[in-house]
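Here is the structure we will look at, set down as C-alpha cells.
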Amino acid sequence: MAAVQWRSRGRNYEAELQRCRPEAAPVEFGDYHPLKPIMVTDTKSRRGARKGSTSSSSSSSSSAPADPLSSMLDGTDPLSMFAAASVSEAPAMTHSDLGKKKREKEEEVVGPDFEPWSSKRGEILARFTTTEKLSINLFMGSDKGKTCGSQRELLNLSQQDYANRIEELNQSLKEAWASDQKVKALKIVIQCSKLLSDTSVIQFYPSKFVLITDILDTFGRLVYDRIWTMCSDPRPLPDSFTVDDVNDTAKETCLNWFFKIASIRELLPRLYVEAAILKCNRFLNKTGIQETLPRLTAMIRGIGDPLVAAYTRAYLCRVGMEVAPHLKDSLNRNFFDLLGTFRQVSGESVQNQLVQQRVEVPEYLTLYSPAINWILQCIAYRAPEPLLTEMMERCKKLGNNALLLNSVMRAFRPEFVAARATDFIGMIKDCDEAGFPKHLLFGSLGRSLACADPPESERLTILNEAWKVVTKVRSPQVEYRCYDYICDHTFYYVSITFIHLSFISRSQKREVNTVLADIIKHMTPDRAFEDAYPQLQSVIRKILTYFQDFSVLFSMERFLPFLDMFQKDSVRVEVCRSIMEVFIKHQVELTRDPVILNAMLHICKTMHDSVNALTLEDEKRSLALLIIGFIRMVSFGRDFEQQLSFCVEARATFCNLEPVLVQLIHTVNQLAMETCRVMRGSHSRKTAAFVRACAAYSFITIPSLSSIFSRLSLYLLSGQVALANQCLSQADAFLKAAVGILPDVPRSISVEGKLRSSESFLLDFINNFLATLLVVPDHPEHGVLYLVRGLLNMVQDYTWEDNSDAKVRVYVSALPLLAAMSQETYLYSIPKVDSNETLYGGDPKFLSEINKLCETLIGQILDNLKALGRDESTRRQGALAFSLFGVLLAHGDLRNNKLSQLAVNLWNLCHKHGYCETGISVRTLEYIKHQAQQHDMTHLTDTVQRLALQSRT
C-alpha cells in the first residue's frame with residue numbers, strides 16, 4: 001500500500017454535541033412517565049355483598065400502560081398465597097404453646113455462646129505443671145491361657161514423657177479397636193481411669209485429668225459410633241432417632257457394654273467408663289440418661305479424696321452437658337455435693353498429704369478451680385437469676401469460701417452479678433485472706449462490672465471499698481507467689497480500673513488519670529509490666545470504649561506514659577493499632593488540634609518504625625491504611641502553608657511505607673487544587689509561589705517510590721495539577737520525567753502474587769498521557785510537538801513482547817490526538833493556560849508538522865499490516881486494519897481520494913478473512929450512512945457504496 005497524504009477533518013465540536021443530544025419532548029402532568037409508579041387495585045366480590053350488586057374483579061387506578069411484571073401476578077403475590085396456604089393448613093396453636101416448644105428446643109441444644117471444654121484444655125495443661133517425677137502403673141488383667149496378667153510400670157517420667165505415654169495409650173486404644181480387640185480396648189480405658197485415683201504429685205492432677213479424659217472421650221465415641229453403625233443398615237440412622245429406630249442387635253450390643261462396665265470392681269474406673277458411654281443410653285430407652293445421671297452423681301459420694309471427687313463431678317457434668325444439657329437437676333446436685341466435701345480440706349488426711357508434698361493450702365485450693373469453674377459454667381448457662389441468689393446463700397453458709405465465690409462471679413451473667421455488687425463486696429470483705437487473695441475476687445467482680453453497670457446508688461460505695469484494698473496491697477507478686485494466676489498484682493489493678501471506668505462519665509478524665517498514675521506507680525518497679533501486657537491492653541481497650549473524644553484522651557497527663565509501658569515491639573504495635581482503629585472509626589470531623597496531632601504522629605511513628613525487612617506485605621499494607629486514615633483526618637482549614645508543613649513532616653516520618661507517601665502526594669495535589677479554587681484560578685504572587693512549592697514537594701517525593709506505575713501515574717497527575725495552576729515549567733518537568741522512565745517499565749509485573757504482562761497497564765497510561773498532551777503548550781526551546789515526538793520515540797525504542805501489536809496500537813491512538821491538535825478550537829482546554837491552538841493560531845507550518853507526523857505513523861502502521869500478512873497472522877491484521885479504518889473515518893478528511901481509497905482498502909482487508917464481527921460491521925455501515933446525511937459529510941455517500949460486507953464463507 002502506497003503512502004498517503006494526511007489531512008485532518010475539520011471538526012465543530014459544539015455542533016456535533018448538539019446533534020448527539022436527544023430531542024426533548026414536553027410531557028404534561030398526568031401523562032405516563034417511566035418513573036411514575038403504577039398502581040393496580042384488585043377488587044374482589046365480597047361474600048356478604050348485597051343481592052344484585054355487581055363489582056368488577058379488578059380495576060386499574062390509572063389509564064397508564066400495565067406493568068408487565070404486575071400483570072403476570074394478576075394482582076396476587078405468589079409468596080403471600082403460599083404463606084396464607086401454609087397458615088390455613090397448620091393447626092391452631094396458642095402463643096404460649098409456641099413459646100414453650102421454642103424454649104424446650106433451645107434447652108436441648110448447647111448454643112455457640114457456651115464455651116466448650118476444648119477451649120480450656122490448653123490453658124489447664126499450661127498452668128498446672130510440675131518438675132516432680134511421675135509414674136504410670138498399668139495392670140492389663142489376665143490373658144488367654146495365662147493365670148496372671150501383664151503389668152507395666154513406668155517410673156521417673158518427666159511431665160512431657162508422661163503426656164507422651166498417655167498419648168501412646170490413646171493410640172493403642174484406637175489400634176485395638178480397629179483390629180476388633182474390644183476387650184483389650186476396654187482394659188486400656190479401665191487402667192487409665194485408675195490413674196486418676198493417684199494424687200502423689202498433686203500439683204499435676206488437673207493436667208493429668210485432662211490427658212486421661214481424652215482417652216475416655218475417644219472410647220465413648222468409638223462405642224457410640226459402633227452401635228450407631230449397626231443401626232444404619234439398610235438406611236442411615238437419623239440424628240434425632242428414637243429407641244424404636246434401633247434394631248435388636250444394636251440394643252443387645254449396647255446392653256452388653258453396660259454389663260461389662262458394671263462388672264468393674266473399683267468404683268472410680270466404673271464411674272468414669274460408664275460416664276464416657278453415657279450417650280449410648282439413647283439406644284436402650286428414652287429415659288436412660290435421665291435415670292443414669294442421678295445414680296452416677298450419688299455414686300461419686302463414695303470417693304474419699306475431695307480433689308478426685310471434684311474432678312469426677314466435673315467430668316460427669318461435662319458429659320451431661322453434651323448429651324442432655326436440659327437436665328439441670330443433676331448439675332445442681334453435683335455442685336451442692338461438692339460444697340459438702342469442702343469440709344474435708346481441713347481434715348487430717350488432706351492436711352497430712354499437703355505436708356508430705358510440701359504444698360500450701362492456698363496453692364492446693366487453686367487445684368480445684370478448673371473443676372469448680374466448669375461445673376458452675378454448666379449450671380449458670382441460661383440459668384434464671386434467682387439461682388445466683390441461692391448460690392450466694394450457700395457460699396455464706398460455708399463461711400464465704402473465697403474460691404467458690406470467685407468461681408460464682410465468673411460463671412454467672414455479668415448483669416446478675418452487677419445487680420448484687422454490694423452483696424458481693426460484703427462477702428469479699430468477710431473472706432479469709434490467707435486462703436485466697438482478695439484482689440483476685442475484686443478482679444472477678446471487676447470483669448462483670450466492666451460488662452454491666454451496677455445500680456447507680458451503689459457505685460460510689462463499690463469504688464471506695466475496692467480502693468481501700470488497693471492501698472493495702474504493696475507487693476502482691478511477692479505475697480502471693482504461690483498462686484499460678486497470670487501476674488496477680490497486675491490483674492488486680494486492671495480489675496480496679498475496670499470498676500472505676502464503669503462508674504465515671506466520659507467528661508471526667510481526672511479520675512481515669514488518677515487510676516493510670518496508680519497503675520504506672522505499681523507496675524514500673526522491677527519492670528513488672530513486662531509480665532502483664534494482656535491485662536494492660538485490657539485497660540487500653542476499656543478506656544477507648546469510654547473516651548472517643550481524642551482531644552480529651554490525649555490531654556490526660558498519664559495516658560502517653562501509660563503507653564510507654566508497652567515496650568515489647570509486637571505488643572506496642574498492637575496497642576497503637578487498636579488506638580488508630582478507634583480513631584478512624586469515631587473521629588468524624590477533621591482536626592487540627594496540636595494535642596491530637598502530636599500524639600497520633602507518635603503512635604503512627606511507632607507503627608511505622610516496626611516495619612523491617614522481615615515484615616509481611618499484608619502487615620505493611622494494614623499499617624499503611626491506618627496511617628493514611630489519620631492523614632486524611634488532618635486539616636488546617638485555610639492555613640494551606642501549615643498543611644504543607646505537616647505533609648513535609650509526615651514524609652520524613654513515614655518514609656518506609658510507600659502507600660503513605662502516595663497518599664501524601666495526593667494530599668499535596670489536592671491542596672494545590674483547593675488553593676486554585678479559593679483563588680478562582682487567578683493566583684497572587686504568594687499563592688503562585690505556594691502551588692509551585694506543592695509541585696516541588698511532589699517532584700521530590702515521587703522518585704522515592706519503588707512501583708514504577710505509581711510513579712508514572714503520579715507524574716501525570718501532578719503534571720495535570722501543575723497545568724491547572726498555570727505552573728507550565730513544573731508541568732513540563734513532570735511530563736518529561738514520565739516519558740523518561742517509560743523505558744524502565746518491566747515487561748511483567750506482580751499483581752496479587754501472580755506475574756502478569758505489564759503491556760495493558762502501559763497502554764492505558766500512554767492513552768491517558770496522550771489525552772493530556774492536547775492541552776500542554778509546546779516549550780519555546782524544544783521545538784514543535786516535542787513531548788509527542790519524545791513519547792513516540794520511546795514507544796519505537798521500547799522492547800515490546802513478541803507477537804505484540806502494542807506499539808502499533810499506540811500509533812493508532814496518537815492519530816486522534818494529532819487530528820485534534822490541528823483543529824482551530826480544541827475539544828477541551830485549561831482556564832488561563834494557552835494551548836497550541838492559541839500559540840500557533842492555525843499556523844500552516846504547525847499543521848504541516850502535524851500532517852507529516854501523521855503520515856509517518858500511518859506508514860509505520862501499514863508496514864506492520866504487510867508484515868502480519870506475510871506471517872499469516874490474519875486475525876491480528878484484520879483487527880488492526882479495522883482500528884485504523886475507524887480512525888480514518890472519525891478524524892481523516894475522506895474528501896481526499898487517496899485517503900478515501902485507503903479507508904476502502906482497510907475495510908476490505910479486515911473483512912478479507914472473515915474475522916471481523918458482522919454485527920459491528922453492520923452498525924458501522926449504518927453510522928456512515930447516517931453521517932453522510934449531514935450537509936458537510938455528503939462525500940461519505942460515495943465511500944459507503946464501495947464498502948461491502950463479506951462473510952467468512
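Note that the structure is a prediction, hence the values are computed from the model and not measured.
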Taking all heavy atoms of [X] and all of [Y], pick out the closest pair and write down the distance.
X	Y	answer
Met299	Leu271	CB-CD2, 3.7 Å
Ser207	Phe128	OG-O, 2.6 Å
Leu268	Leu196	CD2-C, 3.7 Å
Tyr381	Lys328	O-NZ, 2.8 Å
Cys192	Leu169	SG-CD1, 3.7 Å
Ala402	Leu441	O-CD2, 3.3 Å

side-chain contact (heavy atoms from CB on, under 4.5 Å), that's the test. Do Ile166 and Asp214 meet it? Break it down for me.
CA-CA 9 Å; Ile166 296 296; Asp214 285 346; over 6 Å; no

Test your reading of the model: is there a side-chain donor-acceptor pair from [X] to the backbone of [Y], 3.5 Å cut-off?
X	Y	answer
Asn247	Met230	yes
Asn281	Leu278	yes
Asp245	Thr242	yes
Gln203	Thr129	no
Asn334	Ser330	yes
Thr287	Gln290	no

What distance do [X] atom [atom1] and [Y] atom [atom2] have between them, rounded to the nearest 0.5 Å?
X	Y	atom1	atom2	result
Leu405	Lys396	CG	NZ	10.0 Å
Asn332	Cys378	CG	SG	11.0 Å
Glu360	Leu365	CD	CG	11.0 Å
Ile303	Asp305	CD1	CG	9.0 Å
Leu173	Phe219	CG	CZ	7.5 Å
Lys251	Ile227	NZ	CD1	12.5 Å

Distance-only donor-acceptor pairs under 3.5 Å for side chains of residues 335-345, two or more places apart:
unit_1	atom_1	unit_2	atom_2	d
Asp337	OD2	Arg301	NE	3.0
Asp337	OD2	Arg301	NH2	3.4
Thr341	OG1	Leu338	O	2.6
Gln344	NE2	Gly304	O	2.8

Please walk me through it: do Val323 and Arg282 pass side-chain contact (heavy atoms from CB on, under 4.5 Å)?
CA-CA 9 Å; Val323 300; Arg282 292 183 61 190; over 6 Å; no

Could you tell me which residues satisfy side-chain hydrogen bond (donor to acceptor under 3.5 Å, both in side chains) with Asn352, sequence neighbours excluded, listed by chain and number?
none

Taken in chain and number order and not counting sequence neighbours, the residues that satisfy side-chain hydrogen bond (donor to acceptor under 3.5 Å, both in side chains) with Glu167 are Gln171

Find out whether [X] and [Y] are in side-chain contact, i.e. whether some heavy atom of one side chain is under 4.5 Å from a heavy atom of the other.
X	Y	result
Arg333	Leu293	no
Phe283	Thr253	no
Leu125	Leu211	yes
Phe424	Met409	yes
Glu385	Phe412	no
Lys208	Leu134	no
Leu186	Trp257	yes
Ile289	Thr292	no

Ion pair [X]/[Y], N-O distance below 4.0 Å:
X	Y	value
Glu168	Arg165	yes
Lys279	Glu322	no
Glu390	Arg394	yes

Candidate pair Ile277 and Phe258, rule side-chain contact (heavy atoms from CB on, under 4.5 Å), full reasoning
CA-CA 9 Å; Ile277 67 166; Phe258 281 106; 3.8 Å; yes

Please output the side-chain donor-acceptor pairs of residues 308-320 that fall under 3.5 Å, not counting sequence neighbours, one pair per line with the distance.
unit_1	atom_1	unit_2	atom_2	d
Tyr311	OH	Leu367	O	2.4
Thr312	OG1	Tyr272	OH	3.3
Thr312	OG1	Val308	O	2.7
Tyr315	OH	Asp217	OD1	3.2
Arg318	NH1	Asp217	OD2	3.0
Arg318	NH2	Asp217	OD2	3.3

Evaluation steps, side-chain contact (heavy atoms from CB on, under 4.5 Å), between Val361 and Gln351
CA-CA 8 Å; Val361 173; Gln351 292 298 321; 4.2 Å; yes

Just checking Phe114 against Trp374, ring centres under 6.0 Å apart?
yes

Qualifying salt bridge (charged side-chain N to carboxylate O under 4.0 Å, His left out) pairs, either residue in residues 253-267, two or more places apart
Lys194-Glu266

Any pair counted as salt bridge (charged side-chain N to carboxylate O under 4.0 Å, His left out), so long as it reaches residues 219-229, sequence neighbours left out
none

Does Ser538 form a side-chain hydrogen bond (donor to acceptor under 3.5 Å, both in side chains) with Arg541? I'd like the steps, not just the answer.
CA-CA 5 Å; Ser538 300; Arg541 285 194 293 269; 3.1 Å; yes

Using the ring of Phe416 (Phe, Tyr or Trp, six-membered ring only), decide whether Arg413 places NZ or CZ under 6.0 Å from its centre and within 45 degrees of its axis.
yes

Tell me yes or no: between the side chains of Gln181 and Ser179, is some donor less than 3.5 Å from an acceptor?
yes

In sequence, state the C-alpha distance, the side-chain angles, and the governing distance for Lys184 and Glu175, and then conclude on salt bridge (charged side-chain N to carboxylate O under 4.0 Å, His left out).
CA-CA 10 Å; Lys184 180 179 178 182; Glu175 293 171 2; over 6 Å; no

When Leu404, Asn406, Leu403 are each screened for side-chain contact (heavy atoms from CB on, under 4.5 Å) with Ser369, the one that passes is Leu403

